[in-house]
Amino acid sequence: MNNVNLSNLSRRRFIATVGLGAATAVFAPRLLFTQDTGIVPTMINEAARAKIEVHPLRRNLSVLEGSGGNIAVLTGKGGKLLIDSGFTVSRARIAAALDSLSSYPVTQLINTHWHVDHTDGNAWVHAAGATITAHENTKKRLSTSTRVEGWSYTFPPAPAGAIPTTVFGDEHHVHHDDTRMALKYYGPAHTDSDISVLFEEADIVHVGDTWWNGFYPFIDYSTGGSIDGMIRATERNLTIVTDKTIIIPGHGPVGNKAGLTEYQDMLVATRNNVANLKKQGKSLSETIAAKPTAAYDTKWGQFLMTPAIFTGLVYSGV
Ligand SMILES: [Zn+2]
């Protein structure tokens with residue numbers, strides 16, 4: 001099996017197991033998974049096995065796929081800047097991928113949001129010399145014990161070196177060599193800590209987990225996420241991109257405006273269908289039985305239980 005197939009397999013398994021975690025919350029309030037066998041250990045095991053793929057994008061920007069969320073890498077004179085840090089178990093392979101781009105150290109790290117599949121590597125990246133920048137709620141969530149019901153998991157506080165030291169509320173600008181970046185808070189969306197990072201000269205934007213390219217997204221209601229927040233974030237994403245913009249999603253392949261527009265249509269239609277059924281007094285199981293996502297399942301919901309799980313996530317927020 002070649003690298004691409006391995007990666008796709010990992011991604012499919014990852015999505016399937018994320019779905020299973022959410023299903024636990026939606027269908028079975030009692031604890032079905034322990035912390036040792038649930039979604040988070042499964043994601044870490046997947047990352048431990050996955051190859052790290054390097055995809056050059058434009059100018060001096062690349063994306064690394066294979067360890068949790070997509071990692072963007074800006075190579076500069078004298079230092080690299082990363083967007084998100086993946087899982088620590090991938091450290092050796094991420095470091096090798098970074099070395100293949102240039103010999104300079106990582107000097108800056110930006111987190112798109114607080115989730116473990118985007119921040120677990122913070123501590124080693126910081127120890128390697130990077131300062132960490134994020135929204136103030138990423139610092140808040142990483143600093144304390146935080147429960148994600150959809151994953152049936154309570155995260156302990158992150159180690160001191162993993163905590164962002166530069167934080168902002170609404171907007172922040174970063175210069176790295178000759179590259180300008182605009183960091184902007186979405187407001188509550190997938191969590192309450194999501195930001196976009198726009199590379200102005202390259203016309204590339206990392207939109208974090210506001211976009212899962214090709215999959216129904218996970219929405220973390222435990223830390224401020226909601227379907228309406230996801231729709232608002234996607235509306236904003238569509239206003240800041242053109243047909244030429246390269247869009248890095250939190251999960252799935254790098255995409256473009258056409259793909260993002262299709263995702264927005266799916267979010268809005270599903271929200272409306274589920275809201276109408278709920279307004280008619282339908283229970284969650286009746287709403288799932290009515291298949292409100294049917295028109296979209298072939299493209300977005302081809303993994304284990306995912307249409308039902310996504311319907312449950314939307315139902316919670318309408
Ligand atoms: Zn996330």
Side-chain angles (χ1 to χ4, degrees), residues 4-5 7-27 39 42-43 46 65 68-70 112-113 115 117 150-151 186 189-191 194 206-221 225-238 241 246-278 284-285 287-318:
V4 171
N5 284 342
S7 168
N8 286 343
L9 188 62
S10 296
R11 194 176 298 125
R12 281 166 191 246
R13 279 207 202 117
F14 169 75
I15 300 305
T17 48
V18 166
L20 202 57
T24 308
V26 171
F27 299 115
I39 171 59
T42 304
M43 288 195 290
E46 287 300 324
E65 289 185 38
N70 288 326
T112 59
H113 64 296
H115 275 160
D117 48 327
W151 292 343
Y186 284 104
H190 163 77
T191 65
D194 308 290
H206 196 318
V207 297
D209 277 1
T210 66
W211 190 20
W212 294 46
N213 187 11
F215 317 112
Y216 290 136
F218 179 65
I219 303 171
D220 183 4
Y221 284 83
S226 69
I227 179 63
D228 287 346
M230 289 290 271
I231 290 170
R232 276 193 299 272
T234 308
E235 275 167 7
R236 197 188 88 198
N237 287 337
L238 286 167
V241 301
I246 294 173
I247 310 170
I248 305 173
H251 299 276
V254 166
N256 59 23
K257 187 173 189 178
L260 187 63
T261 303
E262 230 182 298
Y263 173 75
Q264 173 75 335
D265 292 346
M266 177 277 291
L267 290 180
V268 170
T270 301
R271 192 233 181 265
N272 291 341
N273 291 347
V274 171
N276 284 339
L277 291 162
K278 195 169 180 181
L284 173 57
S285 55
T287 301
I288 290 169
K291 300 190 187 305
T293 63
Y296 301 96
D297 290 347
T298 305
K299 176 167 171 68
W300 303 90
Q302 54 187 301
F303 304 118
L304 184 68
M305 294 177 70
T306 304
I309 294 145
F310 184 56
T311 299
L313 290 171
V314 175
Y315 189 92
S316 304
V318 298

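The structure presented is a predicted model; accordingly, all values stated were derived computationally and were not measured.
- Taking 4.5 Å as the limit, every side-chain heavy atom of P217 sits out of range of all side-chain heavy atoms of W211.
- Side-chain atoms of W212 come within 3.5 Å of backbone N or O of D209 as a donor-acceptor pair.
- In the model, D220 has no side-chain atom that pairs as donor or acceptor with a side-chain atom of H113 under 3.5 Å.
- S316 OG to I227 CD1: the interatomic distance, rounded to the nearest 0.5 Å, is 10.5 Å.
- For the pair N213 (side chain) and P253 (backbone), a donor-acceptor distance under 3.5 Å is present.
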Worked verdict on T287 versus T311 for side-chain contact (heavy atoms from CB on, under 4.5 Å): CA-CA 8 Å; T287 301; T311 299; 3.9 Å; yes
Evaluation steps, ring pair (Phe, Tyr, Trp, His ring centres under 6.0 Å), between W300 and F310: CA-CA 10 Å; W300 303 90; F310 184 56; 9.2 Å; no
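- In this structure, M230 and Y263 approach most closely via the heavy-atom pair CE-OH, 3.4 Å.
- With a 4.5 Å cut-off on side-chain heavy atoms, H115 and W151 count as touching.
- Between the side chain of N70 and the backbone N or O of G252 there is at least one donor-acceptor pair closer than 3.5 Å.
- For T112, the side chain to side chain donor-acceptor pair (under 3.5 Å) partners two or more places apart in sequence, or in a different chain, are D84.
- At distances below 3.5 Å, not a single donor-acceptor pair connects side-chain atoms of T293 with backbone N or O atoms of Y296.
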Residues N273, K291; criterion side-chain contact (heavy atoms from CB on, under 4.5 Å); working and verdict: CA-CA 9 Å; N273 291 347; K291 300 190 187 305; over 6 Å; no
Verdict with supporting geometry, V254 and I246, side-chain contact (heavy atoms from CB on, under 4.5 Å): CA-CA 7 Å; V254 166; I246 294 173; 3.4 Å; yes
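- Note on residues 309-318: no pairs pass salt bridge (Lys or Arg N to Asp or Glu O under 4.0 Å), not counting sequence neighbours.
- Side-chain atoms of K278 come within 3.5 Å of backbone atoms of Y315 as a donor-acceptor pair (strictly under, hydrogens ignored).
- Looking at heavy atoms from C-beta onward, T210 lies in side-chain contact with Y186 at the 4.5 angstrom threshold.
- Listed here is the closest heavy atom pair of A233 and A189: CB-CB, 3.9 Å.
- V241 has its side chain within reach of I247: a pair of non-hydrogen atoms, C-beta onward, lies under 4.5 Å apart.
- Summarising the geometry of T191 relative to D194, their closest heavy-atom pair is N-OD2, 2.7 Å, with the distance given to 0.1 Å.
- For the atom pair OG1 (T234) and NE2 (H190), the distance works out to 12.0 Å, reported to the nearest 0.5 Å.
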Donor-acceptor contacts under 3.5 Å from residues 264-272 side chains, at least two apart:
unit_1 : atom_1 : unit_2 : atom_2 : d
T270   : OG1    : M266   : O      : 2.8
R271   : NE     : D228   : OD1    : 2.6
R271   : NH2    : D228   : OD2    : 3.3
N272   : ND2    : V268   : O      : 3.4

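- Using a 4.5 Å heavy-atom threshold, the side chains of N256 and L260 count as separate.
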